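As the structure is a prediction and not an experimental result, all values here were calculated from the model. Ligands are counted one by one from 1 in listed order, and the atoms in each one are counted from 1 as well. One-based numbering along the sequence shown.
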Amino acid sequence: MTPVSFFDASNTDRVVLRYRLSGEHGHAKQWLLSDFEIGRALGRGKFGHVYLAREKQSGYVVALKVLYKKQLCTHGVQRQLQREIEIQGNLRHPNILRLYGYFHDETRVFLILELAGKGELYNELQRQGRFAESVAAKYIMQMANALLYLHSQRIIHRDIKPENLMLDVRGELKIGDFGWSVRTASTESRRTTLCGTLDYLPPEMVQGGLHNENVDLWSMGVLLYEMICGHPPFEDEKGYIATYHRIVQVDLNMPGHVSAEAADLIRKLLQYRSVDRLPLRKVLQHPFIIKHQRSAQ
Ligand code: N15
């Protein structure tokens with residue numbers, strides 16, 4: 001019988017926890033809070049906090065998210081949490097934050113998440129104001145690859161925005177929150193109610209219409225604009241209603257510093273009709289991405 005090892009220098013650390021999760025006999029490891037040393041808080045959310053944590057046996061460092069059962073019940077989101085765990089726990093992609101496992105005690109649910117060493121992309125954008133186009137191109141390429149994978153699994157993310165994007169220690173993008181993602185039947189369209197900011201939502205979603213995976217193409221256009229310009233394209237200080245009107249009219253102002261290639265890609269993603277948006281494979285072949293591919297590696 002081979003002992004379950006956490007330290008495998010020949011492989012990426014991502015693989016290491018998976019061994020223990022599936023156990024020696026293929027069944028899931030039962031984790032306990034006492035398996036971890038808890039460090040500083042990394043973030044605070046509605047239902048609990050995220051902490052830096054180290055798995056004692058392996059020394060492997062993770063982000064441990066603590067959710068309070070009482071709060072989950074009060075807001076009636078137990079089912080949504082279960083669905084998110086199921087979705088995220090099965091995803092394997094270098095640009096998607098891993099959910100290694102979960103456990104619970106009487107009062108709390110714990111999620112063992114991949115550590116994103118550099119935190120939120122949002123903070124990096126705040127610090128720098130805006131990104132060089134070569135940096136934005138690298139993130140868009142990584143995001144397009146992650147979305148291709150998600151869409152191949154019939155998952156629509158629906159909530160692409162800088163707050164939901166994380167960076168690992170090497171500065172690689174990780175899509176890190178699946179709070180609003182849905183798994184659809186192959187040709188199913190969805191209708192949903194809204195909450196939060198409208199800034200990243202496409203016309204069909206702000207208007208409460210049917211939508212499909214092409215909503216993520218629009219959000220990617222918004223993100224590209226925001227990374228290059230420092231603010232989202234339809235933001236309006238007059239508020240929610242003004243933003244709504246700007247989105248449905250696709251009222252886009254392109255600052256002079258935006259290169260012709262970047263402007264072209266943004267315009268091809270921010271198309272009113274979802275079928276007119278540039279598909280992910282063509283995003284990856286777009287001159288804006290190709291131009292920066294070497295320099296941004
Ligand atoms: C609800 C569920 C089953 C889906 C699982 N996904 C999530 O819970 C989404 N989620 C990810 N919620 C919190 C996180 C999260 C993961 C938050 C912060 C971090 C994280 N990994 N790494 C971080 C992190 N690294 C940081 C470095 C510097 C400053 C802050 C940092 N946060």
Side-chain angles (χ1 to χ4, degrees), residues 12-14 16-18 21 28 31 33 36-55 59-105 107-128 139 142-143 146-147 149-150 153 155-183 195-196 200 219:
T12 67
D13 39 25
R14 209 168 289 121
V16 179
L17 268 174
R18 198 190 306 168
L21 280 176
W31 295 96
L33 187 55
F36 298 88
E37 284 163 22
I38 308 301
R40 74 173 180 101
L42 293 173
R44 283 151 220 293
K46 190 173 175 190
F47 303 112
H49 300 336
V50 183
Y51 297 92
L52 193 66
R54 178 191 275 120
E55 204 278 328
Y60 193 81
V61 181
V62 297
L64 194 67
K65 186 171 184 171
V66 184
L67 299 152
Y68 290 90
K69 286 182 176 176
K70 203 171 167 183
Q71 281 170 289
L72 294 169
C73 289
T74 307
H75 294 85
V77 293
Q78 308 99 306
R79 294 290 300 279
Q80 188 185 335
L81 177 65
Q82 279 178 319
R83 205 199 57 215
E84 285 176 45
I85 289 173
E86 190 192 306
I87 291 177
Q88 198 166 356
N90 286 309
L91 298 176
R92 301 283 186 276
H93 189 278
N95 299 114
I96 294 173
L97 198 84
R98 274 288 305 273
L99 174 65
Y100 295 117
Y102 66 95
F103 56 98
H104 60 105
D105 63 16
T107 57
R108 299 164 292 186
V109 178
F110 300 90
L111 304 176
I112 311 168
L113 291 150
E114 180 177 353
L115 179 69
K118 287 190 178 158
E120 287 180 16
L121 179 72
Y122 180 77
N123 293 330
E124 198 62 33
L125 189 57
Q126 292 284 303
R127 255 195 304 278
Q128 297 186 28
Y139 292 145
Q142 294 182 341
M143 167 159 306
L147 288 173
Y149 172 78
L150 287 176
Q153 308 282 307
I155 293 164
I156 313 175
H157 190 283
R158 303 199 298 177
D159 201 17
I160 299 293
K161 56 184 176 187
E163 295 91 322
N164 290 344
L165 300 171
M166 315 281 295
L167 298 172
D168 73 6
V169 280
R170 296 169 306 163
E172 306 292 300
L173 185 87
K174 304 274 175 178
I175 297 184
D177 196 316
F178 287 80
W180 284 99
S181 66
V182 286
R183 192 186 286 271
C195 59
Y200 293 84
S219 308

Review point. Which of parallel (below 30°), tilted (30 to 60°) and perpendicular (above 60°) describes Phe36 and Trp31?
Key: tilted
Review point. If you measure from the Lys or Arg side-chain nitrogens to the Asp or Glu carboxylate oxygens, is any gap between Glu124 and Arg127 under 4.0 Å?
Key: yes
Review point. Under a 4.0 Å N-O cut-off, is there an ion pair linking Glu114 with Lys174?
Key: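 Looking at Lys174 together with Glu114, the answer is yes, because their closest N to O distance falls below 4.0 Å.
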**Study point:** More than 12 heavy atoms from other groups under 6.0 Å of OH on Tyr122
**Key:**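 No, OH of Tyr122 has 12 or fewer neighbouring heavy atoms, counting only those of other groups under 6.0 Å.
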Review point. Is atom NE2 of His104 surrounded by more than 12 heavy atoms (other residues, nucleotides or ligands) closer than 6.0 Å?
Key: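 Atom NE2 in His104 is not packed in, count stays at 12 or less.
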Where does [X] meet ligand 1, judged by heavy-atom distances below 4.0 Å: at the side chain, the backbone, both, or neither?
X	result
Val50	side chain
Leu52	neither
Leu42	both

If we only count N/O pairs under 3.5 Å, is [X] in contact with ligand 1?
X	result
Ala116	yes
Glu84	no
Lys65	yes
Glu114	yes

Check your understanding: Looking at Arg40, which atoms of ligand 1 are within less than 4.0 Å of one of its heavy atoms?
Key ->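 Counting from 1, the qualifying ligand atoms are 28 (C), 29 (C).
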Point to revise | Sub-4.0 Å atoms of ligand 1 with respect to non-hydrogen atoms of Leu81 | key: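 Under 4.0 Å from Leu81, ligand 1 has these atoms: 1 (C), 3 (C).
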Practice item. Ignoring hydrogens and angles, state whether a donor on the side chain of Gln82 or Gln78 is under 3.5 Å from an acceptor on the partner side chain. Key: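 Note: Gln82 and Gln78 side chains miss the donor-acceptor criterion.
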